[in-house]
Amino acid sequence: MFKKLAAAALTCALAVSVFTGCGSDTQTKAERPKDELVFVNYRDIRDLNPHLYAGEMYAQEMLYETLTTFTEDGGFKGVLAESWDISPDGKTYTFHIREGVKFHDGEVCDAYAIKANFDAIIENKDRHTWLEMMHLLEGVSAPDAKTFVIKLSKPYYPMLTELSVTRPFAMISPKAMKNGSTKNGVEKFIGTGPYMLGEVVTDEYAVFEANPNYWGPQPKLKKILVKVIPDNQTRVMALEKGEIDLIFGKNMLDVDSIRKFKDNKDFTIALSEPTSTRQIVLNTQNAVLKDTQVRKALQHATNKQAISDGIFYGVEQPADTLFAKTIPYCDIDLKPYQYDPALTEKMLDEAGWQKGSDGIRTKAGQKMELGLLYNSDSVTEKAISEYLQSEYSKLGIKLNIYGEEEQSYRDKMKAGNFDMVFNICWGTPYDPQSSLAAMRMPVYGDYAAQQGLADKQEIDRAITEIMVSTDEAERQNLYTYVLTRLHDDAVYIPLTYECNKAIFRSDLKGMHFTQTQYEVPFHDMYIE
């Protein structure tokens, strides 16, 4: 699952600070118990209510569990459900609940507790409509303590995927709810998972301790201390000094840090397969970009290999298509738009955009002037924006770049207030189904960007058919149609394929990437 770039046992004892109880105790690495690990994140764990979206997902994965989860081969296995049956028409799912499972507070996790969780989620249904399943859900029931039933109005093939992701279908103790509800918060973060939440000091650290009554195999790491270190360089220095053991996450490490540790045998670097696609979305309602010829010309004007090499040092590979071929249903024959500035110039000339005396192209008195919106919190997006601004200007395209803080950037994207905007597809395991389903409504920028397409209705209709298809061959044909249409319409400029990243001390074993890019598999790790 990952590539090891360096591996060896640590040979020296480094100082480390470990929080225990209500204070702190400085220990050397040799003195620290081997069943304790120090992790790091750039921000606090926040609200870990499993039915909402504010908390850190790696922490929710430690505390809570779902009915099912993913297997390495892309299938599913039971967690809180030992097994399940699907009716012949694909509309009824009957889950047989695992016996002997208890929440951290001692409450039994049976079908009645699971129904209480679903009732709380359904009460806040409008918050979860990004999941297509919520539109098809007719009802849930618990005929007895061992049986939980979900009924849909139509068959829905991504059903188990949506039940397996981190949220919102993770189970919290009904006693931790507020009068049977979770939409306005919970009393405590009480799940059934392998770890329980201990001491928390906001914006400083959080302690997770192994659940002694866990129904599954006991994790070998009995305590996980999560430190909050917002700055990238400070995190890297803390790893070097032995103050932390593991940095994990696609946005937690820059490429300079990876290069720095590449030949250091005291540490191991791991990179996952592609998880998501970094892209630029083109708004087809824009006066310039409404022309497919112009959008295709911009595809050929974008040097993805230069972006991969110059900004990511090859860690993120150039992206030829909206989804990597390793994503289910996406290994199809699409001809990439090759970098060819001469072809760009030819296509723009043919489309009537001629260079003026100032070097900027015009057509019918209108200048070829476009804005590119990026998240100002992303150093990477700013660097790519500045590079494209320079490169496009050589071709007669004036590119104005605008950085907005994250919430403003997202609000403008959702409202369609952009010419060009950076985005990232939803990533594993949500792709391709969730990314495509969200294109049919104003969730992100896709909906607005596609409004100028002549075949928008046909694309949306095919996406809807995908979600309720029961024949695998038909589903693949529909995916092929949708992905081909979007590719030929040139709405998206794929830039690079993101991957998950980790750097950790080399005597930490069992570190791997899972099918869910947000999970840190602490329960599989141990220190030699």
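Remember, predicted model here, so these are calculated numbers, not experimental data.
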Q: Begin from the C-alpha positions of L197 and F208 and carry the test side chain to side chain contact (heavy atoms under 4.5 Å, CB included) through to its verdict.
A: CA-CA 5 Å; L197 184 61; F208 295 82; 3.6 Å; yes
Going by the rule ring pair (Phe, Tyr, Trp, His ring centres under 6.0 Å), which residues pair with [X] if we only count those two or more places apart in sequence or in a different chain?
X	result
F522	F39
Y447	none
Y157	Y329
F169	F118

Can you see whether [X] engages [Y] through a side-chain donor-acceptor pair at a distance of less than 3.5 angstrom?
X	Y	answer
T68	S164	yes
Q450	D446	no
Q517	K250	yes
T292	R295	yes
T166	E61	yes
H128	Y53	yes
E498	S276	yes
N375	S378	no

Is the shortest side-chain N to carboxylate O distance from [X] to [Y] below 4.0 Å?
X	Y	answer
R475	E465	no
D460	R440	no
R46	D44	no

Whether the side chain of [X] engages the backbone of [Y] through a donor-acceptor N/O pair (distance < 3.5 Å, no angle test) should be reported.
X	Y	value
Q433	P429	yes
K227	A238	no
T484	T480	yes
T362	G365	no
T496	E316	no
T302	K304	no
S435	D431	no
K398	K367	no
N283	G416	yes
Q60	N49	yes

**Q.** Single hit among Y518, F323, W130 for ring pair (Phe, Tyr, Trp, His ring centres under 6.0 Å) with W426
**A.** W130
Q.
Let's go through K290 and T284 carefully: what are the C-alpha distance in whole Å and the side-chain angles of both, what is the deciding distance for side chain to side chain contact (heavy atoms under 4.5 Å, CB included) to 0.1 Å, and is it a yes or a no?
A. CA-CA 4 Å; K290 66 181 180 181; T284 61; 5.5 Å; no
Q.
Would you say the rings of Y64 and H51 are close, in the sense that their centroids are separated by under 6.0 Å?
A. no
Q: Determine, using ring centers only, whether F261 and F267 are less than 6.0 Å apart.
A: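 So the answer is yes for these two rings.
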List the atom of [X], the atom of [Y], and the distance in Å for their closest heavy-atom pair.
X	Y	result
K509	S506	NZ-O, 3.0 Å
I244	R235	CD1-O, 3.5 Å
I269	I258	CD1-O, 3.2 Å

Applying side-chain hydrogen bond (donor to acceptor under 3.5 Å, both in side chains), name anything that partners [X], two or more places apart in sequence or on another chain.
X	answer
D419	N286
Y195	none
N303	none

Q: Starting from the C-alpha separation in whole Å, work towards a yes-or-no answer on side chain to side chain contact (heavy atoms under 4.5 Å, CB included) for V226 and V40.
A: CA-CA 5 Å; V226 180; V40 66; over 6 Å; no
Q: Go through the steps for E345 and R361 under the test salt bridge (charged side-chain N to carboxylate O under 4.0 Å, His left out), then give the verdict.
A: CA-CA 10 Å; E345 299 228 49; R361 294 178 180 272; 2.7 Å; yes
(Q) Taking ring-ring contact (aromatic ring centres under 6.0 Å, His included) as the cut-off, I'd like each qualifying pair that reaches into residues 346-382, sequence neighbours left out, listed once. (A) none
Could you give the distance from [atom1] ([X]) to [atom2] ([Y]), rounded to the nearest 0.5 Å?
X	Y	atom1	atom2	answer
L253	I247	CG	CD1	5.0 Å
Y497	L495	OH	CG	10.5 Å
E56	L48	CD	CG	8.5 Å

Please enumerate all residues that pass side chain to side chain contact (heavy atoms under 4.5 Å, CB included) together with [X], with sequence neighbours excluded.
X	result
R485	D455, I459, Y481, D488, D489
D256	D254, R259, Y313
K394	S390, E391

**Q.** side chain to side chain contact (heavy atoms under 4.5 Å, CB included) evaluation trace for V281 with M420
**A.** CA-CA 6 Å; V281 187; M420 304 166 62; over 6 Å; no
Under 3.5 Å donor-acceptor pairs involving side-chain atoms of residues 330-342, not counting sequence neighbours:
unit_1: Y337; atom_1: OH; unit_2: H487; atom_2: O; d: 2.7
unit_1: D340; atom_1: OD1; unit_2: A342; atom_2: N; d: 3.3
unit_1: D340; atom_1: OD1; unit_2: L343; atom_2: N; d: 3.1

(Q) Quick one, V200 and V207 - any side-chain contact, counting heavy atoms below 4.5 Å? (A) no
Q | Other residues, nucleotides, ligands: >12 heavy atoms within 6.0 Å of K382 NZ | A | no
